[in-house]
Amino acid sequence: MKTDRKPELLSTAPSFLWLVMFVLVPVAIIFAIAFRPALAAGGIGEGWSLDAIRALADPSYPALFARTIFTAAATTVLSIAISLPVAYSMARLTPVWRSRVLLLVIVPFWTNFVIRVFAWQQILHAQGYVAEAMRSIGLLGENERLLGNLTAVIIVSVYTYLPFAILPLFAAAEKFDFGLLDAARDLGAKPLRAFFSVFIPGIRQGAITAFLVVFIPMLGSYVVPDMVGGTTTQMIGNKIAQRNFTDRNLPEAAALSGALALLVLAPMFLRRKEKTA
Amino acid sequence: MKPSRVPLIALILTLVFFYLPIGFLVLNSFNDSRYASTWSGFTTRWYTRLFERTDILAALANSVKVATAASLVSMVLGTAAAFALQRYKSRLQDAHKLLVAVPLVLPDILMGMSLLLLFISFGMKLSLLTISIAHITFCLSYVALVVQARLQDFDFNVVEAARDLGATKTQAFMRVTLPLLAPGIFAGGLLAFTLSIDDYVITYFVKGPGSDTLPTLVYSMIKKSKDLPVINALSSLMLIVTFAVVAVSQRLTRPAVAESK
């Protein structure tokens, strides 16, 4: 029996040990450092302290957490709403067109993230074509800006996360039996009714995956609010970076990261519950 | 009954939404004006300037070094992981599976922050080495995922046959298993390479001063509003490379998809 396990252990050990060392231990360290004192010069002091945890009671934090959850939720809902009809029509394409369109969806997905956000920064720029056009037809006031607000953050977040929502929904739609839609119509359902009460429940598993792969990374969003947002659109990620790089207060950055980690785990627990139910 | 046209229109609009910003960027890389809002004639001077920027070339070299290391190491670790997960069913593999899944769902900022704290706790100097370790960590899971998909329709009887015909374990692995899995491993490696080249957030946390990769350098150029047209030129070139890589990897993974049908 023992000798039988040798090949299993040999092939498991490299990745297992690597991931314990560089994923599990580091996440545990986040929670440990949150209980350390910060040094004035930047860095981690000796001994233990509750200062960083107490700092989380700062009155500005509930608003920050609420904004983070709202931005992530809005982005997720919009991404899934757009992806549903897209996945539907992709699944109905001929195989040749399907793989062509799939390629077209994957390319922006693999295009450098920073560059895609930068493109939007130029498009939404105060002197850009879009702002000028909107001003000329009176949709945008002289002193109003397209950048630096929550709308900009959500639009650009949807842009960057849309492929993450389309791909799992398309994978589910591809396996969906479209004969069910014909049956629903034969039974008198209007197309919209059939779409909502037959198609969407049919690809539910894909929708759950889409929710998780957009919502969870969005909770840790940092680049988009930093580049197209402003001080009023900061998310937890921006605060972590600020505590870490600007204030050099590592314990407080760790405490915030720990709080974010707990927030991230919540939807996964919800999913586990749903699975067992 | 005629199917509704609404979903098709949604698909076309989404593709337009995807490509407008990218097209805008490429167009502007040939714009003589410094400002994106005015077109003042065609030029290739931003491309010329790009190749004079030694800091960009140095960051590109760093990115390629890290991505090469990350894809090679994660190909080995990821393939071993995929192999173990597919071949054995045990409590150890349940834990292993969970461990492989964590980097896929952990937000970048948490991975960056936690690795930074690890490196600080162990007194490791931040450098290209720490960046590479971080990249290997998130690439490993993606490689494991891709190779596992390939292993799903792998026929282990072929390996048994080779063994029956007198091949040693090593021979069977090197001459039968590995060549059959090679396209999957290669596709995983390509994915790892692109993910590594693309990463900004994790790199920013573990890079330390003086070891910029392309995304971290571009980010600081954008923040300082320095040489924005040069970034357009650089972006356009990177788009071409991305398109080529995606096309190649689609070609590599297609047979696997066709077989599973």
Side-chain angles (χ1 to χ4, degrees), chain A residues 8 11-12 14-16 18-20 22-27 29-30 33 44 82 85-86 88-90 103-104 106-108 110-116 118-120 122-123 125 127-129 132 159 162 185 191 212 216-217 219-220 222-223 227 237 240 244 250 253-254 257 260-261 264 268, chain B residues 1 3-4 6-8 10-11 14-15 17-18 21-22 24-25 28 35-37 76-78 80-81 83-84 88 90 92-93 96 99-100 102-103 105 107-110 113-115 117-118 120-121 133 137 140 144 194 198 200-201 215 218-219 222 231 235 238-239 242-243 245-247 250:
Chain A
E8 179 184 357
S11 55
T12 308
S15 52
F16 198 91
W18 184 283
L19 291 169
V20 167
F22 296 112
V23 178
L24 223 53
V25 171
V27 171
I29 286 180
I30 284 185
I33 303 255
I44 306 156
I82 296 171
V86 169
Y88 174 92
S89 61
M90 276 173 78
L103 183 70
L104 287 175
I106 293 174
V107 168
W110 274 15
T111 301
N112 192 288
F113 179 60
V114 169
I115 284 172
R116 281 183 287 157
F118 172 60
W120 274 98
Q122 295 187 67
I123 286 173
H125 195 267
Q127 275 85 43
Y129 295 109
E132 294 293 347
Y159 181 78
L162 205 48
R185 278 176 208 168
L212 288 174
I216 293 177
L219 288 175
Y222 160 68
V223 172
M227 277 176 78
I240 294 175
N244 187 20
L250 290 175
S257 304
L260 176 61
V264 165
M268 285 194 276
Chain B
M1 193 191 272
S4 164
V6 178
L8 190 64
L11 171 62
T14 303
L15 289 178
F17 178 59
F18 274 151
I22 295 175
F24 181 74
L25 223 132
N28 258 321
Y35 306 100
S37 54
V76 175
L77 295 175
F83 205 81
Y88 308 103
S90 63
L92 174 67
Q93 295 311 324
H96 190 203
L99 217 46
V100 171
V102 174
V105 291
D108 285 356
I109 195 138
L110 284 181
M113 189 68 211
S114 65
L115 281 166
L117 293 175
L118 175 87
I120 290 177
S121 305
I133 289 174
T137 308
L140 196 173
T194 351
D198 190 40
Y200 166 72
V201 177
V218 168
Y219 203 89
I222 295 169
I231 305 177
S235 310
M238 286 169 76
L239 274 167
T242 307
F243 199 87
V245 171
V246 176
Q250 262 225 333

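In the text below, chain A, chain B and the rest are named by the order of the sequence lines, each starting its count at 1. Any value given below was found using the heavy atoms of this structure, including those in side chains, with hydrogens, waters and symmetry copies removed.
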*asked:* Go through it in stages, so that I can follow the logic: the residues are A:F16 and B:L92, the test is side chain to side chain contact (heavy atoms under 4.5 Å, CB included), and I'd like the CA-CA distance, side-chain angles, deciding distance and then a yes or no.
replied: CA-CA 10 Å; A:F16 198 91; B:L92 174 67; 4.1 Å; yes
_Below 4.5 Å, heavy-atom pairs only: which of B:L115, B:T194, B:L110 has the largest tally toward chain A?_
B:L110
*Option in B:D198, B:L118, B:V100, B:L11 with maximal non-hydrogen atom pairs under 4.5 Å from chain A*: B:D198
*Please state whether the side chain, the backbone, both or neither of A:N112 comes within less than 4.5 Å of a heavy atom of chain B.*
both
_Surrounding CZ of A:F113 (heavy atoms of other residues, nucleotides or ligands, distance under 6.0 Å), is the total greater than 12?_
yes
*asked:* Please report the interatomic distance CD1(A:I30) to CE(B:M113), rounded to the nearest 0.5 Å.
replied: 7.0 Å
*Going from CH2 on A:W120 to CD1 on B:I22, what distance comes out if it is rounded to the nearest 0.5 angstrom?*
11.0 Å
*Does any non-hydrogen side-chain atom of A:E8 lie less than 4.5 Å from one of B:S90?*
yes
*Count the heavy-atom pairs under 4.5 Å between each of A:L219, A:L260, A:L103 and chain B, then report the option with the highest count.*
A:L103
*What's the shortest heavy-atom distance between B:P21 and A:I123, and which atoms?*
CA-CD1, 3.6 Å
*Starting at CD1 of A:I115, measure out to CD1 of B:I231 and round the result to the nearest 0.5 Å.*
8.5 Å
*Determine whether B:T137 and A:W18 make a side-chain contact, defined as any pair of heavy atoms from C-beta on separated by less than 4.5 Å.*
yes
_Derivation and outcome, side chain to side chain contact (heavy atoms under 4.5 Å, CB included), residues B:V102 and A:L19_ = CA-CA 9 Å; B:V102 174; A:L19 291 169; over 6 Å; no
*Pick whichever of A:V223, A:L250, A:V20 has the most heavy-atom pairs under 4.5 Å with chain B.*
A:V223
*Which bit of B:S121 comes within less than 4.5 Å of chain A, counting heavy atoms only: side chain, backbone, both or neither?*
side chain
_Do A:S11 and B:Y88 make a side-chain contact, defined as non-hydrogen atoms from C-beta onward lying under 4.5 Å apart?_
yes
*Starting from the C-alpha separation in whole Å, work towards a yes-or-no answer on side chain to side chain contact (heavy atoms under 4.5 Å, CB included) for A:L162 and B:F18.*
CA-CA 9 Å; A:L162 205 48; B:F18 274 151; 3.9 Å; yes
*Please flag which part of B:I120 lies under 4.5 Å from any non-hydrogen atom of chain A: side chain, backbone, both or neither.*
side chain
_Interatomic distance, A:T12 atom OG1 to B:Q93 atom CD [nearest 0.5 angstrom]_ = 4.0 Å
*asked:* Donor-acceptor check, side chain of A:S89 to backbone of B:P7, threshold 3.5 angstrom: yes or no?
replied: yes
*Is it the backbone or the side chain of A:L24 that comes under 4.5 Å from a heavy atom of chain B, or both, or neither?*
side chain
*Using a 4.5 Å cut-off on heavy atoms from C-beta on, say whether the side chain of B:L140 contacts that of A:F22.*
no
*Do A:V114 and B:I222 come within less than 4.5 Å of each other through their side chains, counting heavy atoms only?*
yes
*Partners of B:Y219 by ring pair (Phe, Tyr, Trp, His ring centres under 6.0 Å), sequence neighbours excluded?*
B:Y200
*With respect to chain B, which residue among A:S257, A:A254, A:P14, A:G237 yields the maximal number of heavy-atom pairs within a distance under 4.5 Å?*
A:S257
*If you count heavy-atom pairs under 4.5 Å with chain A, which of B:I133, B:D108, B:V76 comes out on top?*
B:I133
*Checking heavy atoms, do the side chain of B:V105, its backbone, both or neither come under 4.5 Å from chain A?*
both
*Name the region of B:L15, side chain, backbone, both or neither, that has any atom closer than 4.5 Å to a heavy atom of chain A.*
side chain
*Give, as side chain, backbone, both or neither, the part of A:I216 having an atom under 4.5 angstrom from any heavy atom of chain B.*
both
*Is it the backbone or the side chain of A:V264 that comes under 4.5 Å from a heavy atom of chain B, or both, or neither?*
side chain
